[in-house]
Each structure stands twice: as structure tokens, then as C-alpha cells.
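Start at 1 with the first residue, then count along the sequence. These numbers were taken from a predicted model, which means no experiment stands behind them. Values below: every heavy atom of this structure, side chains too, minus hydrogens, waters and symmetry copies.
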Amino acid sequence: MIIGLTGSIATGKSAVSRMLKQKGYPIVDADEISRLVVEPGSPVLDHIAEVFGPDLLLANGTLNREMLGSLIFNDEVMRTKLNGIIHPAVRKEMLRQKEEWLEKGANTVIMDIPLLFESKLQSYVDKIIVVSANPAVQKERLMARNGYSADEADARINSQLPIAEKEKGADAVIDNNETLDKTEKQLDEILLKWNAKI
């Protein structure tokens, strides 16, 4: 079984991903892979520098994420351009890692994909878990975690598909408004119900 794990910014998806890892489930992490494909010397990073200019590379040859982030955050055209370069490479590597786990004999593979719905990757997985928190909790966490102002936190939350929309596409929703213990209890119930063996 391939389980897609997703959520929105500051809903606690990473915490649930860590729980799954501690339980021994193999994780294919889209964020990790998106960092991997832009390592210095990679064809993807060379392509980004070609399209967006060499200024996006730091002196040590790594990607200047902050500069790239500010470049694409409010610019739909630039964001689409960047996604067109990075996404195909990320998808290819995600599928490669998934196949590798299955060949090693894994019964269940977790694909941790923050933008599962936005990238329309539902076909990559058999079941979808959405980690949810209400927008007020998201905002509070973002302000505390990243030091954002209320407006900055709102802008980050509003730039994503609303969590209520994601919940509609889920096979199971984990309510992560309260304690991590309660979150883990919900996770265990889902894994048991789906008979998701390691």
C-alpha cells in the first residue's frame, strides 16, 4: 500500500511523518528530494541558474533559497517556470525511491508530499492522509515558529489550497489542533484500520 501524507503549512504534517518513521515505515519525502535535486553540480540547479540567472547561486555553488523564494513568491509566471524545472525531477526521484522500497520488500510506503493536491499527484498513492489544523492554530504556530507577523502568516496560509479542500480529497483526516499524543492515537487507528503493515 502506498500512503500519501499531506497537510498545509504549520498543520503538523512533519510531526506525523516523524511518528511514521519512528514506527519503522519507509518514507519518500518530497521536500527532502526537492533539496536533493538542486544540489551543487546537479543538472536541475544548472538549469535554474540558466533560466533565472547566476545570481541565484551562492559563492559555494548552492542555491540561494531566500532569494529564489522572494523572486517567485508573488510572481505566478516565475513560480510556474521554476516548478516546470524542479517538479519533473522530483517526481522521477520519488517514484524511483518508492520502487526501491517495494523491491526491498516493504508492504507500506509513505509518500510525504506537501503539495499532493496542488501538484495533482493523487494517482501516485492508494490512500491519502491529510493532517489538519484550523487556520487560527496554523497562524499562531507560524508566528511562533517563524517569527512572522500576522499578515505574513496569513499570506503563507492563503497561498496554499485551503485545508478544508484538502480534507475533501482525503481517505482519512488527522485533527492536529491539540496534543501530539492525540494526533498519534488517531494515526495508529488509521494504520490499524487500513492494515498498513511495515
Side-chain angles (χ1 to χ4, degrees), residues 2-21 25-104 106 109-125 128-131 138 141-142 145-148 152-153 155-161 163 166:
I2 311 299
I3 297 176
L5 176 68
T6 195
S8 285
I9 194 164
T11 58
K13 178 194 62 64
S14 299
V16 173
S17 188
R18 279 193 298 276
M19 288 172 191
L20 285 158
K21 199 172 190 172
Y25 287 94
I27 313 274
V28 174
D29 184 331
D31 272 353
E32 210 171 84
I33 291 169
S34 61
R35 284 191 290 274
L36 185 77
V37 300
V38 293
E39 282 187 341
S42 70
V44 175
L45 187 58
D46 293 345
H47 194 174
I48 291 170
E50 231 169 77
V51 174
F52 292 90
D55 292 352
L56 276 177
L57 299 182
L58 296 167
N60 63 2
T62 59
L63 180 64
N64 186 338
R65 289 174 181 284
E66 213 163 279
M67 189 175 171
L68 184 63
S70 59
L71 196 68
I72 65 162
F73 189 68
N74 293 312
D75 189 329
E76 194 57 47
V77 175
M78 289 292 215
R79 186 158 58 235
T80 303
K81 230 182 229 184
L82 178 73
N83 290 344
I85 298 169
I86 293 180
H87 287 181
V90 171
R91 286 173 190 171
K92 193 175 162 189
E93 178 59 18
M94 277 166 51
L95 292 174
R96 190 198 67 73
Q97 287 190 17
K98 178 195 80 169
E99 288 307 322
E100 192 176 38
W101 281 115
L102 293 173
E103 280 165 22
K104 286 180 184 169
V109 178
I110 311 294
M111 295 187 81
D112 179 341
I113 310 174
L115 300 176
L116 179 80
F117 293 107
E118 291 88 338
S119 303
K120 299 183 173 38
L121 297 180
Q122 295 95 316
S123 64
Y124 279 35
V125 300
I128 297 172
I129 296 175
V130 168
V131 183
Q138 279 179 278
R141 286 178 185 161
L142 263 182
R145 184 181 82 187
N146 297 55
Y148 288 148
E152 285 171 327
R156 294 298 190 285
I157 293 165
N158 295 335
S159 75
Q160 295 188 325
L161 195 67
I163 193 71
K166 294 184 179 188

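Taking each heavy atom of Thr11 and Val131 in turn, the nearest pair found is OG1-O, 3.0 Å. The two residues Tyr25 and Ile110 make their nearest non-hydrogen contact at CB-CG1, 3.8 Å. Contact between Val44 and Val37 at its shortest, heavy atoms only, is CB-O, 3.2 Å. Taking each heavy atom of Thr62 and Pro40 in turn, the nearest pair found is CG2-CG, 3.6 Å. Among all heavy-atom pairs drawn from Glu118 and Pro114, the shortest one is OE1-O, 4.1 Å. The nearest pair of heavy atoms linking Met94 to Ala30 is SD-CB, 3.9 Å.
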**Request:** Show the numbers, then the answer: is there a side chain to side chain contact (heavy atoms under 4.5 Å, CB included) between Ser34 and His87?
**Result:** CA-CA 8 Å; Ser34 61; His87 287 181; over 6 Å; no
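Between Leu56 and Leu71 the shortest side-chain heavy-atom distance falls below 4.5 Å. You'll find the side chain of Asp31 reaches within 4.5 Å of the side chain of Arg35, heavy atoms only. In this structure, Ser8 and Leu161 have side chains that are not in contact, with every pair of non-hydrogen atoms separated by 4.5 Å or more. For the pair Glu93/Lys98, no side-chain contact is recorded, criterion being any heavy-atom separation below 4.5 Å from C-beta on. Counting only heavy atoms from C-beta outward, the side chains of Lys166 and Ile128 never approach each other to under 4.5 Å. In this structure, the side chains of Pro26 and Glu100 stay at 4.5 Å or more apart for every pair of heavy atoms. Looking at heavy atoms from C-beta onward, Tyr124 lies out of side-chain contact with Ile2 at the 4.5 angstrom threshold. Looking at Ile48 and Ile86, their side chains come closer than 4.5 Å, going by heavy atoms from C-beta outward.
Residue Lys120 qualifies as open at atom NZ: its count of foreign heavy atoms under 6.0 Å is 12 or below.
Rounded to the nearest 0.5 Å, atoms CE (Met19) and CG (Leu5) are 10.5 Å apart. One finds the CD1 atom of Ile27 at 5.0 Å from the CG atom of Leu20 (value rounded to the nearest 0.5 Å). If you take CZ on Phe117 and CD on Gln122, they are separated by 5.5 Å, rounding to the nearest 0.5 Å. For the atom pair His47 NE2 and Leu82 CG, the distance stands at 10.0 Å (nearest 0.5 Å). Separation of atoms CE (Met111) and CG (Leu121) is listed at 8.0 Å; rounding is to 0.5 Å. In this structure, the separation between CG on Leu36 and OG on Ser42 is 8.5 Å, given to the nearest 0.5 Å.
Judged by distance alone, the side chain of Asp75 and the main-chain N or O of Val77 form a donor-acceptor pair under 3.5 Å. Without hydrogens or angle criteria, Ser17 side chain to Ser14 main chain gives no donor-acceptor distance under 3.5 Å. In this structure, Gln160 contributes its side chain and Ile9 its backbone to a donor-acceptor pair below 3.5 Å.
The only option from Ile163, Leu116, Ile129 that meets the side chain to side chain contact (heavy atoms under 4.5 Å, CB included) definition with Thr6 turns out to be Leu116.
Using a 4.0 Å cut-off between charged nitrogen and carboxylate oxygen, Glu76 and Arg79 count as a salt-bridge pair. The existence of a salt bridge linking Arg96 and Glu99 is excluded, since no basic side-chain nitrogen approaches an acidic carboxylate oxygen closer than 4.0 Å.
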